[in-house]
Engineer: 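Next up is a structure, given as structure tokens.
Numbered from 1 within each chain, the chains take letters A, B, ... in sequence-line order. Small disclaimer: the values here were computed from a predicted structure and weren't measured.
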Amino acid sequence: MSNYIPTIGIEVHVELKTKTKIFSNSTNGYGQMANSLTNVIDLGYPGTLPTLNKEVINLAIKAATVLNCNIRKEMHFDRKNYFYPDNSKNYQITQARTPIGYDGYVEIDDDGIKKKIYIEEMHIEEDTCKSTHRQDKTLLDFNRAGVPLIEIVTKPCIKSAKEAKLYLEKLKELLFYTDVSDCKMEEGSMRADANVSLRKNESDPFGTKAEIKNIGSISNVGLSIEKEIARQSKIYDEGGSIEPQTRRYDDKIGDTVLMRVKETGNDYRYFPEPDIPFVIITDDMIDNVVKTIPMLPEERKEKYIEKGILEANAIKLIQNRQLSDFINDLLEEDINFKIASNLLLGDISAYLNKEDKKLNETTLNKERFIELVNLMSNNTLTSKNLKEILEKIMTSDDTIENIMKESGVQNITDDSMIKDVVKKVIEANKESVDDYKAGHDRAIKYLMGQVMKETKGSVNPKMAMDILIEELK
Amino acid sequence: MKYLNKNIEEIHELLKEKKIKPIDLVNEAFDNIESNKDLNAYITLNKEEAIKRAKELEDKEVDNILFGLPIALKDNIVTQGLKTTCGSHILENFIPLYDATIVDKINEKNMIIIGKTNMDEFAMGSSSRTSYFGAPKNPWNKNKICGGSSGGSAATIAARDLLFAIGSDTGGSIRQPASYTGIVGMKPTYGRISRYGLVAFASSLDQMGPMTKNVYENAILLNAISGHDEKDLTSANKDTEDFTRLIGKDVSGMKIAVPNYLMSDIVSEEIKDKIKETIKLLEDNNVTVDYIDVKYLENAMTLYQIIAMGEASSNLARFDGIRYGYSEENPKNIEDLYLETRGKGFGEEVKRRIMVGSYLLSGENAKTYYNKALSIRDDMRKEFKRVFDNYDLIIAPTTVTTAYDLTDPMDDPRKSFMDDILVIPVNMAGLPGLNVPVGFSKDHMPIGMQIIGNSFEEAKMYQLASFIEKKLNLELDPNGGEK
Amino acid sequence: MEEKLSREEILHVANLARIKLTEEEIEKYRVQLKKLLNDVEKINEVEGYDNDILIAPWESNTTLREDSEGSMLDPKAVVENAPRHSGNYISVPVVIGESEGA
């Protein structure tokens, strides 16, 4: 292992889930025909001016809140000037001096040890256009130009690849849960850069850092940081020195590769954007946004465990937003949550996956689900029978009880009928009956199994057991 | 029969009584422009469209005082489908895909856009000589400049081609040419008119405004083009008002300040004398006029250089030969495309200002120059506001000299700033400023006076300007009323 | 002797501004830019102002726009104005290296 202490800072760009772009009212969309989602503002036409999308400010306030940031009450924008063809005005409107959020943190759980990852600042800016490089030319599609972004910058307080991954997973969870972004790294709606440097001792100044740009997945962030630590360690071990540079992670070779050696201080010529007057964020605006923030994953998990859901299931539930929201709606109900969670994560999830459906695209609503859970808790419906009628449950509006009746999977609850079966089983298994009577408790389980076999599982097990014990007396 | 040398009320009556049609005015305007062709006031004429539009209007009711009247736009105001060059090679063949808000407003009034007027390249200059299309000439003396950057708009109004033109003013570009050509030019309060569709030179300073032969027509046009616009966040959220409402009202009792610096040695004696005569006239009519010191005025030019060139370097970065405009034919690579397109597409003055602006914002310079300029600018605005605590208006000369020769040297990069030294402070503070002619020099070139108001007090400025206009009753037609 | 900037200084600012200069222009701008920079130097002589800044003489704060969609351009119109294009794309000579931006 390395003899050096890594210092890692992460910058994340997240596309905001708005209908329109940040500075114009053209559509914020993905996967459409090239240059079909643009207007003269996105294209930087002469004479055009920016307007500012209210929803961008709301989502940024939301993000700042869940990242525990302070929110700036009066802010302006700045221009970052640089020539590049993906930048239609050759300047990007961003926030250099007055980021909307600052001094926040995200808490991660590293195998039971909680740690705060500190956020330096969070600012709003516009995305660039998408360029595709061909052999002889570069093609520009301005559909992405002006899509709203927030950039979240941590302090250099991350110590390992694992912490970096935990931070990103947590960040993604928070922003996804609050509907700030769909956080799809594969579509580029969430992009991460990592700054990595090494030093010998905690008391040493930070080493020279390398920046790994635009990493395409959380696992690759982990891998690229590990590789970068190894690369820098080797250089230091051999007595070399690190030069500031920009690298990228190459998935094919599984390592970071050099993009460019950083020019001494990029000259972005920042200055305050004169086209956008001060933006005032009032307490009312913040209150109205905070009201819309749903229960966050951490709290959900606690609540679920409180209700008797196994921790593993609780984690699985919060990873599936629709199921988690569904169960959140039931938290006030008096039902068996263990069974409820098993149902949702088991048979129901399997059905949804198979049918490629969302829960709200089925007929299973709150009331019918409660009925289902209760029928299973009191053993009226066995899991075996459930499998037979699940499709109907998910597609019909009828009560579960009616569906059971119609499908003939109603449990045999008729005493005399069960008695007949029990008698038949006792008759056919004299040996086990003797064992039971001799005090071998296990024998009754065998006999019970025979009863179930005989009835093809459609008997209420508790009832059958009671009758069996009675008959064996 | 000539109509466009009449006043607006007369023309309006004729239109209403169906004695003339919009097409008569349009034809006359094009005839005038043709006979004044040597003035080089226009870059593009909108002949076909204008005639078509005039014909369309024949079926419409004469619904407002501006109905059917021809208007000329400075060529940095974008017009959908009509070439907009900004006086530059880089936009020589540029056809915009949308109309500026001011164009929408002009169309709503059923006015007819006649053409796009000549100007300094990207409005950078004080004599319109940096235009890629050659300099316009002063109708009072064709060997002289008509000022700039709205030189073409000034020339066409002074020559009485038509009644209305729009200019833009970043550091005096409406008022200074208005002064040189003997017309009325108003730069309204920053935010009064939407800048959406005005090709930006310096966003925090730019403002469009009306250029007309008299005060009343100026106020009428401002009525039509001002107002809040959701497309421009810097446009002021103000109710519309009638800017003519104080015209003709008594000015006695007004308190007016004259900043000493604006009447100092930097101004020619001839102009100072003419201003003093006007001050005397005002005093004789019970107007109080005080000479006062106003801090930071002598710094305005420096602030302007830093802020205007800094913003311009960024605003003009978009002209890169990729999405529109002139582009280098066979660039070796992307860098080559930028360098060659911009090297060849921009003229000397523009390149100079972009380079200086880039320098002023780069690295530590942003702190040393730019941020400092923004701090002083704030104090300067406050200082102006203090003056308006005690005074209704400020008056001063508009220019330090009268229009000079077209052949005067252009190699001094400071010259264009020096020409505007008296008009720049107004833009720094976002205040409204207006030029009204007050007389002529010995060689019979017009002399103008600048009236500066507090924010949104354009009506009061028109009140004073129209009083002076009426009292002086100057002959302001360079042809003496004869064509 | 006339004050002027060095050749390197001119080339540096010309590159910042992405403007190619001819030899003749370089020599001319060495003198002219120096004159302008001497002018702006005067800002350091100004005294007595406070630290508040004026970005622009705005008369109102920003009014936020509702998040609802407006009309967009036909891709054909977008590419028609572009000097180089390929299908629905605007094109440029091949770009090497990544964006400096977002």
Engineer: If you measure from CG on B:L97 to CG on A:N39, what distance do you get to the nearest 0.5 Å?
Structural biologist: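 Rounded to the nearest 0.5 Å, the CG-CG separation comes out at 10.5 Å.
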Engineer: Is it true that atom NZ of B:K238 has more than 12 heavy atoms of other residues, nucleotides or ligands lying nearer than 6.0 Å?
Structural biologist: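 Incorrect, the count does not exceed 12.
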Engineer: Measure distances from B:L198 to the heavy atoms of chain A and classify the residue's part below 4.5 Å as side chain, backbone, both or neither.
Structural biologist: backbone
Engineer: State whether the number of non-hydrogen atoms from other residues, nucleotides or ligands found under 6.0 Å of A:K17 atom NZ is greater than 12.
Structural biologist: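 Atom NZ in A:K17 is packed in, count exceeds 12.
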Engineer: Determine whether more than 12 heavy atoms belonging to other residues, nucleotides or ligands lie under 6.0 Å from atom NZ of B:K385.
Structural biologist: yes
Engineer: So for B:T84, is it side chain, backbone, both, or neither that comes closer than 4.5 Å to the heavy atoms of chain A?
Structural biologist: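 For B:T84, there is no contact with chain A at all, as no heavy atom is under 4.5 Å.
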Engineer: Rounded to the nearest 0.5 Å, what separation is found between the CG atom of A:L49 and the CG atom of B:D232?
Structural biologist: 5.0 Å
Engineer: Work out which heavy atom in A:P274 is nearest to a heavy atom in B:T234; give both atom names and the distance.
Structural biologist: O-CG2, 3.6 Å
Engineer: Rounded to the nearest 0.5 Å, how far does CG of B:L316 lie from NZ of A:K89?
Structural biologist: 14.5 Å
Engineer: Measuring from A:F83:CZ to B:I322:CD1, what's the distance to the nearest 0.5 Å?
Structural biologist: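 The CD1 atom of B:I322 is 9.5 Å from CZ of A:F83, to the nearest 0.5 Å.
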Engineer: Of all the heavy-atom pairs spanning B:G363 and A:D267, show the shortest one and how long it is.
Structural biologist: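 Closest pair (atom of B:G363, atom of A:D267, distance): N-OD1, 3.1 Å.
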Engineer: Heavy-atom distance under 4.5 Å to chain B: side chain of A:N81, backbone, both or neither?
Structural biologist: side chain
Engineer: Closest approach of A:D275 and B:R195, non-hydrogen atoms and distance?
Structural biologist: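 Scanning both residues, the minimum pair turns out to be OD1-NH2, 2.9 Å.
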Engineer: Considering all heavy atoms of both residues, which atom of B:F319 and which atom of A:P46 are nearest to each other, and what is their separation?
Structural biologist: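 Result for this residue pair: CE2-CG, 3.7 Å.
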Engineer: Less than 4.5 Å apart, side chain to side chain, heavy atoms only: is that true for B:S313 and A:F271?
Structural biologist: no
Engineer: Do you know the tightest heavy-atom contact between A:R97 and B:N371?
Structural biologist: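 Smallest interatomic distance, heavy atoms only, reads NH2-OD1, 2.9 Å.
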Engineer: Are A:Y45 and B:Y324 an aromatic pair, judged by ring center distance below 6.0 Å?
Structural biologist: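 They qualify: ring centres under 6.0 Å apart.
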Engineer: Start with the C-alpha distance between B:S314 and A:R79, add both sets of side-chain angles, then the distance that settles side chain to side chain donor-acceptor pair (under 3.5 Å), and finish with yes or no.
Structural biologist: CA-CA 8 Å; B:S314 173; A:R79 290 190 188 175; 2.9 Å; yes
Engineer: About how many Å separate OH of A:Y84 and CG of B:D320, when rounded to the nearest 0.5 Å?
Structural biologist: 13.5 Å
Engineer: With a 4.5 angstrom heavy-atom cut-off, could you sort out which part of B:L374 is near chain A: side chain, backbone, both or neither?
Structural biologist: side chain
Engineer: Need one label for B:Y370: side chain, backbone, both or neither, based on atoms under 4.5 Å from any heavy atom in chain A.
Structural biologist: side chain
Engineer: Once rounded to the nearest 0.5 Å, what's the spacing between atom CZ of B:R323 and atom SG of A:C129?
Structural biologist: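 Going from CZ on B:R323 over to SG on A:C129, the span is 9.0 Å.
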Engineer: Can you tell which part of B:N315 gets under 4.5 Å to a heavy atom of chain A, answering side chain, backbone, both or neither?
Structural biologist: both
Engineer: Test side-chain contact (heavy atoms from CB on, under 4.5 Å) on B:Y196 and A:I41; report intermediate values, then the result.
Structural biologist: CA-CA 10 Å; B:Y196 189 77; A:I41 298 167; 3.9 Å; yes
Engineer: What residue in B:E230, B:E335, B:E311 has the most heavy-atom pairs under 4.5 Å with chain A?
Structural biologist: B:E311
Engineer: Could you check which of A:L140, A:N25, A:T48 has the highest count of heavy-atom pairs closer than 4.5 Å to chain B?
Structural biologist: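 Heavy-atom pair counts peak at A:T48.
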Engineer: Any side-chain to backbone donor/acceptor pair from A:R269 onto B:S362? Under 3.5 Å, distance only.
Structural biologist: no
Engineer: Answer yes or no: is there a donor N or O on one side and an acceptor on the other, between the side chain of B:R318 and the main chain of A:N90, under 3.5 Å?
Structural biologist: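 No, B:R318 side chain to A:N90 backbone: no donor-acceptor pair under 3.5 Å.
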